[in-house]
Participant: 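One structure follows; several queries about it will come next.
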Amino acid sequence: MAIPPELISALRNAERVAVLTGAGVSAESGIPTFRDAQTGLWAQYNLEDLATPEAFARNPKLVWEWYAWRRNLVAQAQPNPAHLALAALERSVPQFTLITQNIDSLHQRAGSRDVIELHGNLARVICATERTVVEAWDATASPPTCPRCGAYLRPDVVWFGEMLPEAALHAAYEAATGCDVFFSIGTSGQVAPAAALPRIALRNGATVVVLNLDVTTSTADRCFFMNARAGEWLPELVSGLTAEG
Ligand code: OAD
């Protein structure tokens, strides 16, 4: 899909660029999204049984094992061209902020620096009571317990009903408010507060690009809606930006 030339020139003039990513960016690495009608995790599993503090209190083994399965899936996955293009974009603009709802570390593995993780990180494990990071645990236990206090360990991810990490959220708002171009990539925009970021950027004068497989491709004043695969469109964008012009 052709990259709109107005978008390339907005990017060339941009001082600050912010990007919000969601599960669609990792889809081409073989990691399921949440809301795809066929393969999305929430089409196959019940969110209330797996991704809330209440679910963990009710059935810690089930929740721990579901996240262990996802951790394993992610460990076997590789960053795809969308992750790599975003790492390249970071090197091509003066100020760049990458905000992700993903917990899979694929942006970091692709070379992105200073990734703002709104929903935590699957690879990190914390004590459910003390909230401190625990580096080593008994992999045969399900769930393992905290070596200090004996409470269950849990993944350091944000569950429904929990607060987002304050510093990350603050940095995300700042980036959305202050950027010249804002990208929302591979997210259905259904989960607050991340879903508000594109509107915040738009309200503050940014050019906004929404790319996923749900929208209809169209252009309106300062808004670009792109129905395309991130792993194809983003590398094209980066080569368009870095080409002579
Ligand atoms: P969703 O599953 O809600 O949305 C994925 C989006 O990616 C959809 O808009 C798809 O059209 C799009 N998509 C799929 N494949 C794509 C591709 N190859 N290229 C571009 N776009 C593609 O995932 P999120 O919006 O990330 O939160 O979900 C937000 C949050 O809801 C997640 O962080 C998670 C979930 O419940 C928590 O668990 C707290």
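It should be emphasised that the depicted structure is a prediction, and the values quoted were computed from it without experimental measurement. As the structure lists them, so they are numbered: ligands from 1, and atoms in each ligand from 1.
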Participant: Go through ligand 1 atom by atom and flag the ones less than 4.0 Å from a non-hydrogen atom of Val158.
Facilitator: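 Matching atoms, with element in brackets: 39 (C).
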
Participant: Short list, please: which atoms of ligand 1 are under 4.0 Å from a heavy atom of Ala27?
Facilitator: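 Answer, ordered by atom number: 15 (N).
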
Participant: For the residue pair Val74 and Asp104, what are the closest heavy atoms and their distance?
Facilitator: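 Looking at all heavy atoms of both residues, the closest pair is CG1-O, 3.3 Å.
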
Participant: Out of Val215, Asn80, Asn212, Leu118, who is nearest to atom 12 (C) of ligand 1 when you count heavy atoms only?
Facilitator: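 Going through Val215, Asn80, Asn212, Leu118 one by one, Asn212 has the nearest heavy atom to atom 12 (C) of ligand 1.
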
Participant: Pull out every atom of ligand 1 sitting under 4.0 Å from any heavy atom of Gly22, numbered as shown with elements.
Facilitator: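 The atoms of ligand 1 under 4.0 Å from a heavy atom of Gly22 are 26 (O).
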
Participant: Determine whether the side chains of Gln78 and Ser29 contain a donor N or O and an acceptor N or O closer than 3.5 Å.
Facilitator: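 No - no donor-acceptor pair under 3.5 Å links their side chains.
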
Participant: For ligand 1, which part of Phe160 has a heavy atom less than 4.0 Å away: the side chain, the backbone, both, or neither?
Facilitator: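 Answer for Phe160: side chain.
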
Participant: Looking at Glu130 and Arg154, is there a salt bridge between them, counting it only when a charged N and a carboxylate O are closer than 4.0 Å?
Facilitator: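 Looking at Arg154 and Glu130, the cut-off is not met.
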
Participant: Are Thr97 and Arg16 close enough that a side-chain donor and a side-chain acceptor fall under 3.5 Å?
Facilitator: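 Not at all, the side chains of Thr97 and Arg16 share no donor-acceptor pair under 3.5 Å.
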
Participant: Which residue and atom name correspond to the protein heavy atom nearest atom 3 (O) of ligand 1, and how close is it?
Facilitator: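 For atom 3 (O) of ligand 1, the nearest protein heavy atom comes out as Ser188 OG, 2.5 Å.
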
Participant: Between Arg71 and Leu122 (side chain of the first, backbone of the second, donor and acceptor by atom type, cut-off under 3.5 Å), is there such a pair?
Facilitator: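 Side chain of Arg71 to backbone of Leu122, a donor-acceptor pair under 3.5 Å: yes, one is there.
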
Participant: Does Val191 reach ligand 1 with a nitrogen or oxygen that is under 3.5 Å from one of the ligand's nitrogen or oxygen atoms?
Facilitator: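 Looking only at distances, the answer is no, because the N/O contact criterion of under 3.5 Å is not met.
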
Participant: Short list, please: which atoms of ligand 1 are under 4.0 Å from a heavy atom of Thr187?
Facilitator: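 Counting from 1, the qualifying ligand atoms are 6 (C), 7 (O), 9 (O), 24 (P), 25 (O).
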
Participant: So which of Arg35, Gln101, Glu28 gets nearest to atom 31 (O) of ligand 1, if we judge by its closest heavy atom?
Facilitator: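 Looking at heavy atoms only, Arg35 sits closest to atom 31 (O) of ligand 1.
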
Participant: Distance under 4.0 Å to a non-hydrogen atom of Gly186: what atoms of ligand 1 satisfy this?
Facilitator: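 Contacts of ligand 1 toward Gly186, numbered from 1: 5 (C), 6 (C), 7 (O), 21 (N).
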
Participant: Does any donor atom in the side chain of Asn121 or Ser105 lie under 3.5 Å from an acceptor atom in the other side chain?
Facilitator: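 Yes - a donor-acceptor pair under 3.5 Å links their side chains.
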
